[in-house]
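All of these numbers come straight from a predicted model, not from anything done at the bench. Reckoned from all heavy atoms, side chains included, excluding hydrogens, waters and symmetry mates.
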Amino acid sequence: MKKNILVLCTGNSCRSQMAQGYLQFFAGNRALVYSAGIETHGVNPKAIEVMKEDGIDISHHTSNNVNEYKDVNFDFVITVCDNAKENCPYFPAKTKNIHQNFPDPAKAVGSEDVILQEFRNVRDMIKHYSEQFVKANL
């Protein structure tokens, strides 16, 4: 049976979008992966760009509010930022809540190259985490 996984962050624009892409890639048909935010900020174009560099297309993703999924029974809810963990809505007891904070690449400052490198660094952290999560839980 497929597992339902929700990745949750503040704005559903970078970290949760990248995690959704990698978790779905590594899980294949063993899971349905969703992402959402406490708010919606739109999918960050730099997140799309750095994911495409690694062969994962998230350009079709949408930025969704967590309340849109209140009727989905999730097996796992993964919060990828501290703000989302603190403001995460209640999920039924059968849902396993996991927290893994990642830096917010959208807050990077500097030249375009410096900012893109921060997106790549966070992407790589999320890729590693996602691969390990799938190996351990699916």
Ile5/Leu32 under side-chain contact (heavy atoms from CB on, under 4.5 Å): CA gap, chis, key distance, verdict: CA-CA 6 Å; Ile5 302 169; Leu32 290 174; over 6 Å; no
Residues, nucleotides or ligands: over 12 heavy atoms within 6.0 Å of His128 NE2: no
Flag if over 12 foreign heavy atoms under 6.0 Å of CZ, Phe26: yes
Which residues share a salt bridge (charged side-chain N to carboxylate O under 4.0 Å, His left out) with Asp124, sequence neighbours left out: none
Non-neighbouring partners of Glu53 that pass salt bridge (charged side-chain N to carboxylate O under 4.0 Å, His left out), sequence neighbours left out: Arg120, Arg123
Residue pair Ile38, Leu8: steps toward the side-chain contact (heavy atoms from CB on, under 4.5 Å) verdict: CA-CA 8 Å; Ile38 305 301; Leu8 188 62; 4.3 Å; yes
Any [X] side-chain heavy atom under 4.5 Å of [Y] side chain:
X	Y	answer
Met125	Pro103	yes
Leu116	Val50	yes
Leu138	Lys3	yes
Asn44	Glu49	no
Leu6	Val66	yes
Ile126	Tyr129	no

Shortest non-hydrogen separation from Val80 to Cys9 and the atoms involved: CG2-CB, 3.5 Å
Pair Phe76 and Phe133, ring centroids less than 6.0 Å apart: yes
Donor-acceptor contact present, side-chain [X] to main-chain [Y], <3.5 Å:
X	Y	result
Glu68	Asn65	yes
Asp104	Ala106	yes
Gln24	Gly28	yes

Atom pair [atom1]/[atom2] of [X] and [Y] - distance to nearest 0.5 Å:
X	Y	atom1	atom2	answer
Gln100	Ile78	CD	CD1	9.5 Å
Asp75	Thr95	CG	OG1	7.0 Å
Thr40	Asn67	OG1	CG	10.5 Å

Could you pull out all donor-acceptor pairs under 3.5 Å where a side-chain atom in residues 11-20 meets a protein atom, sequence neighbours excluded?
| unit_1 | atom_1 | unit_2 | atom_2 | d |
| --- | --- | --- | --- | --- |
| Asn12 | OD1 | Gln17 | NE2 | 3.2 |
| Asn12 | OD1 | Asn64 | N | 2.7 |
| Asn12 | ND2 | Ser16 | OG | 2.9 |
| Asn12 | ND2 | Ser35 | OG | 3.0 |
| Arg15 | NH1 | Phe102 | O | 2.8 |
| Gln17 | OE1 | His61 | ND1 | 2.7 |
| Gln17 | NE2 | Asn12 | O | 3.1 |
| Gln17 | NE2 | Thr62 | O | 3.1 |
| Gln20 | OE1 | Ser35 | OG | 2.7 |
| Gln20 | OE1 | His61 | ND1 | 3.4 |
| Gln20 | NE2 | Val33 | O | 3.2 |

Audit row: Phe74, Tyr34, ring pair (Phe, Tyr, Trp, His ring centres under 6.0 Å) steps and yes/no: CA-CA 10 Å; Phe74 290 105; Tyr34 305 78; 5.4 Å; yes
Worked verdict on Ile48 versus Val43 for side-chain contact (heavy atoms from CB on, under 4.5 Å): CA-CA 8 Å; Ile48 293 170; Val43 183; 3.7 Å; yes
